[in-house]
Number of protein chains: 2
Amino acid sequence: MKRTRPLKRRPKRSEPKHREPEAVDPRSIDDDPVVQGILTAISQKRLKPGAKLGEDKLASAFGTTRIHIRQALSHLASRKVVMQIPNRGAFVYRPSWEEAQDIFAARRIIETATVSAAIDRLDKAGKAELKAHMEREARHDRNDRWASLSLTAEFHILVAKLAGNRVLLEMSRELMLRTSLAIATFEQPGEPDCSPDAHPDIGALILARDRAGAIHAMRHHIEEMEQRIRPKEGEDEVDELTAIFQEIGARVRAGG
Amino acid sequence: MKRTRPLKRRPKRSEPKHREPEAVDPRSIDDDPVVQGILTAISQKRLKPGAKLGEDKLASAFGTTRIHIRQALSHLASRKVVMQIPNRGAFVYRPSWEEAQDIFAARRIIETATVSAAIDRLDKAGKAELKAHMEREARHDRNDRWASLSLTAEFHILVAKLAGNRVLLEMSRELMLRTSLAIATFEQPGEPDCSPDAHPDIGALILARDRAGAIHAMRHHIEEMEQRIRPKEGEDEVDELTAIFQEIGARVRAGG
DNA sequence: GCGCCAAAGATTGGCGCCAATTTATCGCCT
DNA sequence: AGGCGATAAATTGGCGCCAATCTTTGGCGC
């Protein structure tokens, strides 16, 4: 039923009372499918550092609008996963050699502390999770490169979860992503990211509550990863060559 | 001079060559004045957790357009400094009690490691910087609340800088901001954030290259800060009251 | 008097269009 | 034949408008 009498015109609204932001579904942009897609593409190394992320292409690829892509890209830029250059566009982030070393150093610090905290808080459920993961990692298909990468990441994330500190968990997530970028930028092609035997060792030491041993194993594991990358000496030259080869390849594929 | 002959119409452009994003001024959004303004306002506690950050108001306050504000707010939301709720707006982030504890735990881990690294890398220039800061902190006006807060933050940032790891430096920056939010949310009103004598002690121990002592002092310093906050039991009630008092205060200041 | 309902106001979200800049291509000159 | 400048295409950046949603507020019934 409609109102029988129109409201009077009010001169001006009073100062709005401040309502606290109550618990109302703070769904963050991390759950965004575009962000997730780009993130998994990067961690699976299907997007290489320096790759152009055109807005229109991403929009049509993900079936959304350009404005949505822009939000996702600027979010990823805030996380230093993509680099945005004004009027040029967004590219997959390429860390410098110094930054790559800093990332590994940060991981040494945070993940050793994480291992220690995980041992402190280890309970029945945690042991079960850890065992389950170790089994999955033991009998996975080593030829499936993407599955290997996913499992390797999940192990470190699991340890961070067991530590029970969400802030450290988020930091570990960020550092693992940036580690992927560092490795992709500076690796000698063809080598795996992690040595395949490191994770079972660390897991066993955590289950045995051997704090010093687990910390040492984790530190050694990260140092092993770090020693697998090398600075690119004639970086400009190499880049130019690869750029030329890419160009030639593109031309050949285009049938020109 | 104009062209004498018009160009032929080309059927379609070939696949664009991939240009690497060379060193071209990657000026990030961190330098944005809006971001900087909100950040300093938060670290100076002029913006309290839960405060509404309306887009129009910020736009007129900073003298820019709304789209610019949106970019800044979503960037700050990515850094968990503001919380964005769909169709409700942006608010200064209010960490939960568990998150506040996690933040302090993360700082214990990162800043103790940072102190250790700073001692390792300490050189003439670093000593000079540290001494200069300690002098400034020794003879600053203790009644100037904003200056105190700035100096307190600068000390921790300086230690992180001396460690020579930019990734850890960024993490320390983030954690200090979130510490401000945690303290602002859970502090008993009126107490200072840092005990005033802690920083000179830590600085002196770093200068003396007393690693164990400096690490212990830093850990103790952070634990002291942590023990200054208490979970809010009747949270709703307190929040409502403070909101009322804030409103009344604003009206009085506005001369209403 | 107290609580529910509906409308107006205010705020955010999103889409389309256009300007600004970059990138690629072509013709010309040396 | 190859470098150089001009031009078109493509891409990004930004502004304005309008729909969607939330908040406030007054009216109405109990």
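Naming: A, B, ... by sequence-line order, numbering from 1 per chain. Side-chain atoms are counted along with the backbone in the values below, which use heavy atoms only and exclude waters and symmetry mates.
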For this session: May I ask which nucleotide in the shown strands pairs with D:dC30, Watson-Crick or G-U wobble, both distances under 3.5 Å?
Result: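 When the pairing criteria are applied, C:dG1 turns out to be the nucleotide that pairs with D:dC30.
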In whole angstrom, what separates [X]'s [atom1] from [N]'s [atom2]?
{"X": "A:R70", "N": "D:dT12", "atom1": "CZ", "atom2": "P", "answer": "8 Å"}
{"X": "B:N87", "N": "C:dT11", "atom1": "CG", "atom2": "C1'", "answer": "9 Å"}
{"X": "A:L73", "N": "D:dT12", "atom1": "CG", "atom2": "P", "answer": "9 Å"}
{"X": "A:D56", "N": "D:dG13", "atom1": "CG", "atom2": "C1'", "answer": "13 Å"}
{"X": "A:I67", "N": "D:dT12", "atom1": "CD1", "atom2": "C1'", "answer": "13 Å"}
{"X": "A:H68", "N": "C:dC15", "atom1": "NE2", "atom2": "P", "answer": "10 Å"}
{"X": "A:L58", "N": "D:dT12", "atom1": "CG", "atom2": "P", "answer": "9 Å"}
{"X": "B:K57", "N": "C:dG9", "atom1": "NZ", "atom2": "P", "answer": "18 Å"}

Exercise. Sub-3.5 Å donor-acceptor pair from the side chain of B:Q84 to the main-chain atoms of B:F91, do we have one?
Worked result: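 A pair under 3.5 Å: no.
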For this session: Could you tell me whether the side chain of A:R46 and the main chain of A:A41 form a donor-acceptor pair under 3.5 Å?
Result: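 No; zero donor-acceptor contacts below 3.5 Å.
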Exercise. Quick one: which of D:dT11, D:dC15, C:dG13 gets closest to the side chain of B:E55?
Worked result: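 Of D:dT11, D:dC15, C:dG13, C:dG13 is nearest to the side chain of B:E55.
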Exercise. Relative to each other, are the rings of A:F155 and A:H133 parallel, tilted or perpendicular (30° and 60° limits)?
Worked result: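 A:F155 and A:H133: tilted rings.
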For this session: Identify, between B:R66 and B:Q71, the residue whose nearest nucleotide on DNA chain D lies closer to the 5' end.
Result: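 That would be B:Q71.
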Exercise. Taking only N and O in the side chain of B:T65, is any of them less than 4.0 Å away from OP1 or OP2 of D:dC15?
Worked result: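 Answer is yes, contact under 4.0 Å.
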For this session: May I ask you to evaluate whether A:R88 reaches the phosphate of C:dT23, defined as a side-chain N or O under 4.0 Å from OP1 or OP2?
Result: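 For C:dT23, OP1/OP2 do have a side-chain N/O of A:R88 under 4.0 Å.
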For this session: To the nearest 0.5 angstrom, please state how far the CG atom of A:L58 sits from the NE2 atom of A:H68.
Result: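 Result: 11.5 Å between the selected atoms.
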